[in-house]
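As the structure is a prediction and not an experimental result, all values here were calculated from the model. Each ligand, and each atom within it, is numbered from 1 in the order the structure gives.
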Amino acid sequence: MDLILRNARMIGAEQEPTDIGIEGGRIAVIQQQLAADGETIDLGGRLVSSGLIETHIHLDKSCILDRCRAEKGDLEEAIQEVARAKKGFIPEDVYARAKKTLEKSILNGTTHMRTQLEVDPGIGLRGLEGVRRLVEEYRWAIDIEICIFPQEGLLNNPGTDELMVEALRNGGSVVGAAPYTDSSPHGQIDRIFAIAREFDIDIDMHLDFGPDPDDLDLLYVCEQTEKFRYGGRVAIGHVTKLSGAPPELFDRCARRMAAAGVALTVLPSTDLYLMGRHMDHSVMRGVTASHKLLHHGVNCSLSTNNVLNPFTPFGDCSLVRMANLYANAAHAGIGEFDACLDLVTELPARLMNLKDYGIAVGNPADIVVLDTDSGTNAIAELPDVLMGFKRGRKTFERQRPTLFRPDTGLCPSP
Ligand SMILES: [Zn+2]
């Protein structure tokens, strides 16, 4: 074996630690007390998980708080401020900020990423130029796909359509949308489906980003998904409107999404930050209960979205923290913590249609080690991600903290 991870606790089979043998970048064998030679790492019974997956993160506009105002904290201000700031983006600047955010993601165990990337006449293709370089440069640690979308509208913003098509010919492999900034939301959705079909690519839209469960575009998206037989290839992000829906409407939407094959990505940090700014007491949370949608057969994921910008002035790029934040905000029960971990691992893999994901023989050895002993505790305890492997190669390691006790007469270990 090239590498053997010994005493690993697997999610769902935590009682009995096992060994994972890796050869040629893939998982060759999973067996207790594996009799084989090779470089060995004893994990001491710690939890292993498949690499974490970020399905919705904006690398291009991350880390710009120093050049934006974020006083009101609402969506309108965020769009305006970022639109102004991004006119000054140049590829080198985008590259440097995106790289910083990407490295934080890698160091928190993310091994797959779909990054949302905006094009319009204000930014042109400069954002794409900055981010595209990172795809090859960091292939040793993470697989990145780029989703091209029009943040500032499509039908109302001449020149954007041509730029989207050009971006999809030059590095983009998924098409996105933000119909709520368009003069014709359904017109934008129609055009996005047409582009997706023309390129034969998946769709990942920002959708239904608002406080009230009225005029849900998700029903129209479900209709179009069925019309074009696009089930399993469409994801919608935010859908905060659904967080305010009474149970009957919530269940009806869930059934429609499950039947059409439309997946949902919840973005807890952004949704908590931007929603409810119009309220002065009993402020809404705006986080749609994706763990409840799972019961209806809707696929879902949780993701970071924005990092250190007016949409979200937070961000350590930790998906374990995001899942913990979600569990808090969405009232997930202890018995649902395992599902919260699934929302940043198995389920986003399905959303992105990844073919060979997961800790199973034959799959690429994309593995992270968490400083805990069960999937439930990975959500409850917010453990450190101690190390990560991409295609069997260790990509990072984090030391466990050391306590320096007084009066032992011993020198503290380093
Ligand atoms: Zn987004």
> Number of protein N/O/S atoms less than 2.8 Å from the Zn ion (ligand 1)?
Replying inline: 4
>> What's the separation between atom CZ in Phe314 and atom CZ in Arg321, rounded to the nearest 0.5 Å?
In response: 8.5 Å
> Excluding sequence neighbours, so at least two apart, what forms side-chain contact (heavy atoms from CB on, under 4.5 Å) with Glu76?
Replying inline: Asp74, Gln80
> For Ala28 and Glu23, which heavy atoms make the closest approach, and how far apart are they?
Replying inline: CB-CB, 4.0 Å
> Is NZ or CZ of Arg97 both nearer than 6.0 Å to the six-membered ring centre of Phe89 and within 45° of the ring axis?
Replying inline: yes
>> I'd like to know whether the aromatic ring centres of His291 and His331 sit less than 6.0 Å apart in this structure.
In response: no
> Is it true that Arg169 and Glu166 make a salt bridge, defined as a side-chain N closer than 4.0 Å to a carboxylate O?
Replying inline: no
